[in-house]
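Note that ligands are numbered from 1 as they come in the structure, with each ligand's atoms numbered from 1 the same way. Numbering starts at 1 and runs along the sequence shown.
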Amino acid sequence: MECRVLSIQSHVVRGYVGNKSATFPLQVLGFEVDSINSVQFSNHTGYSHWKGQVLTADELNVLYEGIKLNKVNRYDYILTGYSRDTSFLMTVVDIIQELKKANPSLVYVCDPVMGDQGAMYVPEYLLPVYRDNVVPLADILTPNQFEAELLTGRKITTEEDAVEVMDLLHKMGPETVVLTSTDLPSRRGDQFLVALGSQKIVKPDGTVTSQIICMDIPKVDAVFVGTGDLFAALLLAWTHHYPKD
Ligand SMILES: Nc1ncnc2c1ncn2[C@@H]1O[C@H](COP(=O)(O)OP(=O)(O)O)[C@@H](O)[C@H]1O
């Protein structure tokens with residue numbers, strides 16, 4: 001059966017971040033992908049120069065209106081990433097709420113793209129919008145360590161801290177939280193980077209518990225941009241194909 005994703009992320013002319021990272025892998029894995037480009041930039045913002053356009057909230061509404069008028073606004077998943085503007089993000093929130101009403105089993109995968117390695121690369125005023133409006137709607141949340149610390153106001157220096165932070169994020173809404181990369185030392189040595197996941201599970205007796213997994217990922221000696229976007233897309237795909245795993 002067709003499974004349709006609405007992906008609201010950046011587009012770059014050169015390179016692979018945002019929708020350029022997410023769309024093709026999702027298509028290859030069998031999904032129909034409707035993409036809205038939150039920005040169209042020459043390249044990602046880590047380059048010394050970048051130029052381009054930012055989609056406004058009004059322009060987003062116009063695109064969504066067209067989809068609605070044709071009655072093709074039924075989605076199984078929404079995936080969101082890079083955004084630079086408060087009113088744009090608030091419009092995304094409205095769209096998610098409307099689409100969830102239309103399909104109560106819709107799953108919202110949120111990559112709260114704000115920064116990395118202790119620095120924000122989107123305007124700071126987006127933090128409260130993510131914390132108070134966006135994250136509470138998310139079913140699956142994929143922050144990196146820095147983004148998880150920003151959202152909860154808690155530093156992560158040990159695995160116990162990471163578990164507590166993931167619990168705080170669960171309390172904000174999402175049933176599944178994945179810290180896509182952390183600075184925590186791996187048990188397998190310094191050639192591995194640690195990612196952690198936590199999923200709320202309802203036991204047969206009705207009590208709720210968290211299932212925690214820790215992933216040691218072989219480190220490549222390079223810095224990548226767009227891998228977080230790819231990670232979120234692949235997590236969507238594989239949790240869809242293997243919902244109980
Ligand atoms: N240097 C690296 N070596 C190996 N895998 C990496 C590396 N950097 C990122 N990844 C992969 O990309 C995923 C996303 O991590 P990252 O790019 O840090 O997320 P974000 O962009 O959200 O900060 C990681 O879980 C890992 O699988």
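At a 3.5 angstrom cut-off on N or O pairs, Val220 counts as close to ligand 1. Remark: ligand 1 and Lys219 share no N or O pair separated by less than 3.5 Å (distance only, no angle test). For ligand 1, none of its N or O atoms has an N or O atom of Ala195 under 3.5 Å away. Looking at ligand 1, you won't find any N or O of Glu147 less than 3.5 Å from one of its N or O atoms. Between Thr180 and ligand 1, a contact under 3.5 Å exists for at least one N or O pair.
Between Asp161 and Thr158, the side chains place a donor N or O and an acceptor N or O closer than 3.5 Å (distance only, hydrogens not considered). Donor-acceptor pairing under 3.5 Å is recorded for the side chains of Thr80 and Tyr108. Side-chain contact, Asp58 with Thr56: no donor N or O sits under 3.5 Å from an acceptor N or O. There is no side-chain donor-acceptor pair under 3.5 Å between Asn19 and Ser35. Side-chain N/O atoms of Asp85 and Ser83 include no donor and acceptor closer than 3.5 Å.
Looking at every heavy atom in both residues, Lys100 comes nearest to Leu137 through NZ-O, 2.9 Å.
Comparing Val223, Asp229, Thr227 against atom 17 (O) of ligand 1, the shortest heavy-atom distance belongs to Thr227.
Within the 4.0 Å heavy-atom criterion, neither part of Pro143 lies near ligand 1. If you look at Leu193 next to ligand 1, the close heavy atoms, those under 4.0 Å, all belong to the side chain.
Applying the 4.0 Å criterion to heavy atoms of Ser181 picks out, from ligand 1, the atoms 15 (O), 16 (P), 18 (O). If you number the atoms of ligand 1 from 1 as listed, the ones under 4.0 Å from a heavy atom of Phe231 come out as 13 (C), 25 (O). Residue-ligand proximity, Phe224 to ligand 1, at heavy-atom distances under 4.0 Å covers atoms 1 (N), 2 (C), 7 (C), 8 (N). Ligand 1 places these atoms under 4.0 Å from at least one heavy atom of Ala222: 1 (N). Which parts of ligand 1 touch Asp116 is read off a 4.0 Å heavy-atom cut-off, strictly below it: atoms 23 (O). Each of the following atoms of ligand 1 lies closer than 4.0 Å to a heavy atom of Pro218: 3 (N), 4 (C). Listed by number with element, the atoms of ligand 1 under 4.0 angstrom from any heavy atom of Asn144 are 20 (P), 22 (O), 23 (O).
Taking the side chain as every heavy atom from C-beta outward, Tyr75 and Asp34 approach each other to under 4.5 Å.
Closest to atom 27 (O) of ligand 1, if we only count protein heavy atoms, is Ile217 CD1, 3.5 Å.
Each of Asn37, Val39, Leu63 was scored for a side-chain contact (heavy atoms from CB on, under 4.5 Å) with Leu55, with one residue passing: Leu63.
Remark: Asp216 does not engage Arg187 in a salt bridge, criterion side-chain N to carboxylate O under 4.0 Å.
For His44 and Phe41, the ring centers are positioned 6.0 Å apart or more.
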